[in-house]
Amino acid sequence: MKKTLVALCGLIAALALFGIMGLTFVDVLGRKFLSGSIPGALELTEILMVVVIFTSLPLVALSGEHVVFDSLDRWLPAGVRRVQQALMELLSACAMAGLAWLMWGKAGDLMSYGETTSQLKMPLGAFVYLMSVLLVLAALAHLVVLLSPVPVHHAGAPEDGRAAST
């Protein structure tokens, strides 16, 4: 399940990033040689950036690559660090789930109002629903790391990625 999630989120993020690159390239060529840009290119770039960022959240959580403040860790015993890290994973999971819940409600509001992007008239609520679902996946990823810590920034986690036996 974890491998499927990593592969799927990685593929979606990579495709969105490639889309941004291709869109920007063609848009610049159009402005340079045809004196006009692609209609809605900025909107598409913004939406694709949202996709890149929100599909990356579960990937960052699962690999333990998020930003940490660890300047005091060398003075804390390993047991205290494990408890601290478990609490942070739990807090992160709750924060991501809470944001997902709020965004789900906002997406419903946007859909009921019929809000769309200004140029391409794409429904904004659909993208906010996507963001909400990806936040749920990020919350689940933090819970996975809580139950099976990864070696990066996690005291006592085995280097081969298996759960530590207690």
Peer 1: Indicate if Leu99 and Val52 have the same hydrophobic cluster label, given that clusters are the connected sets of ILVMFWY residues with side-chain heavy-atom separations under 4.5 angstrom.
Peer 2: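 Leu99 and Val52: one cluster.
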
Peer 1: Once rounded to the nearest 0.5 Å, what's the spacing between atom CG of Leu57 and atom OG of Ser92?
Peer 2: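 One finds 10.5 Å between CG of Leu57 and OG of Ser92.
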
Peer 1: What closest approach, in Å, do Ala138 and Met96 show between heavy atoms, and which atom pair accounts for it?
Peer 2: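 So the two residues come closest at CB-SD, 4.1 Å.
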
Peer 1: So which atom in Trp104 and which in Val133 form the shortest heavy-atom distance, rounded to 0.1 Å?
Peer 2: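 That closest heavy-atom pairing would be CZ3-CG2, 4.0 Å.
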
Peer 1: With a 4.5 Å heavy-atom cut-off, do Glu89 and Leu143 have their side chains touching?
Peer 2: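 The answer is no, as the side chains (C-beta and beyond) never meet within the 4.5 Å cut-off.
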
Peer 1: Might you point out which heavy atoms bring Pro58 and Cys9 nearest each other, and give the distance in Å?
Peer 2: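 It is CG-SG, 4.1 Å.
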
Peer 1: Side-chain heavy atoms nearer than 4.5 Å, only ILVMFWY residues, links allowed to pass through others: does that put Met49 and Met103 together?
Peer 2: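 Linked within one cluster.
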
Peer 1: Determine the minimum heavy-atom distance between Leu120 and Pro39, stating which atoms define it.
Peer 2: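 So the minimum-distance heavy-atom pair works out to CD2-O, 3.9 Å.
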
Peer 1: Please report the interatomic distance CG(Leu48) to CD1(Ile20), rounded to the nearest 0.5 Å.
Peer 2: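 Here the interatomic distance stands at 5.0 Å.
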
Peer 1: Can you give me the closest heavy-atom contact between Val136 and Ala100, atom names plus distance?
Peer 2: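 So the two residues come closest at CG2-CB, 3.6 Å.
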
Peer 1: Tell me whether Val60 shares a hydrophobic cluster with Val50, the cluster being built from Ile, Leu, Val, Met, Phe, Trp, Tyr side chains joined at under 4.5 Å.
Peer 2: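 In one cluster with Val60: Val50, no.
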
Peer 1: Is it the case that the side chain of Asp27 and the backbone of Ile38 share a donor-acceptor pair, with hydrogens and angles ignored and the cut-off at 3.5 Å?
Peer 2: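 Answer holds: yes.
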
Peer 1: Taking all non-hydrogen atoms of both residues, which atom of Met122 and which atom of Leu44 are closest, and how far apart?
Peer 2: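 Residues Met122 and Leu44, closest heavy atoms: CE-CD2, 4.2 Å.
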
Peer 1: CG of Leu5 to CG of Leu59: how many Å apart, nearest 0.5 Å?
Peer 2: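 Between Leu5 CG and Leu59 CG, I get 7.0 Å after rounding to 0.5 Å.
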
Peer 1: Between Leu134 and Leu130, is any pair of side-chain heavy atoms under 4.5 Å apart?
Peer 2: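 Sidechains of Leu130 and Leu134: in contact.
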
Peer 1: Membership question, hydrophobic clusters at under 4.5 Å side-chain separation (ILVMFWY): are Leu8 and Leu62 in the same one?
Peer 2: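 Linked within one cluster.
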
Peer 1: Sort out for me which residue in Leu124, Val128, Asp109 forms a side chain to side chain contact (heavy atoms under 4.5 Å, CB included) with Glu115.
Peer 2: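 One option only clears the test, and that one is Leu124.
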
Peer 1: Under a 4.5 Å side-chain heavy-atom rule over Ile, Leu, Val, Met, Phe, Trp and Tyr, are Ile53 and Met131 clustered together?
Peer 2: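 Same cluster.
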
Peer 1: State, with a plain yes or no, whether a side-chain heavy atom of Lys32 is found less than 4.5 Å away from one of Leu29.
Peer 2: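 In short, these two side chains do not touch, never coming nearer than 4.5 Å.
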
Peer 1: For the CG atom of Leu110 and the OH atom of Tyr113, what is their distance to the nearest 0.5 Å?
Peer 2: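 Here the rounded value is 8.0 Å.
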
Peer 1: Does the side chain of Phe54 reach to within under 4.5 Å of the side chain of Leu135, using non-hydrogen atoms?
Peer 2: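 In short, these two side chains touch, coming nearer than 4.5 Å.
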
Peer 1: Is any side-chain heavy atom of Ile47 closer than 4.5 Å to a side-chain heavy atom of Thr117?
Peer 2: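 Result yes, sub-4.5 Å side-chain heavy-atom pair found.
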
Peer 1: Does a side-chain heavy-atom distance below 4.5 Å link Ser118 with Glu43?
Peer 2: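 A side-chain contact exists here, since the closest heavy-atom pair is under 4.5 Å.
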
Peer 1: Here's a test for you: under side chain to side chain contact (heavy atoms under 4.5 Å, CB included), which of Leu11, Leu137, Ile12 qualifies with Thr55?
Peer 2: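 That would be Ile12.
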
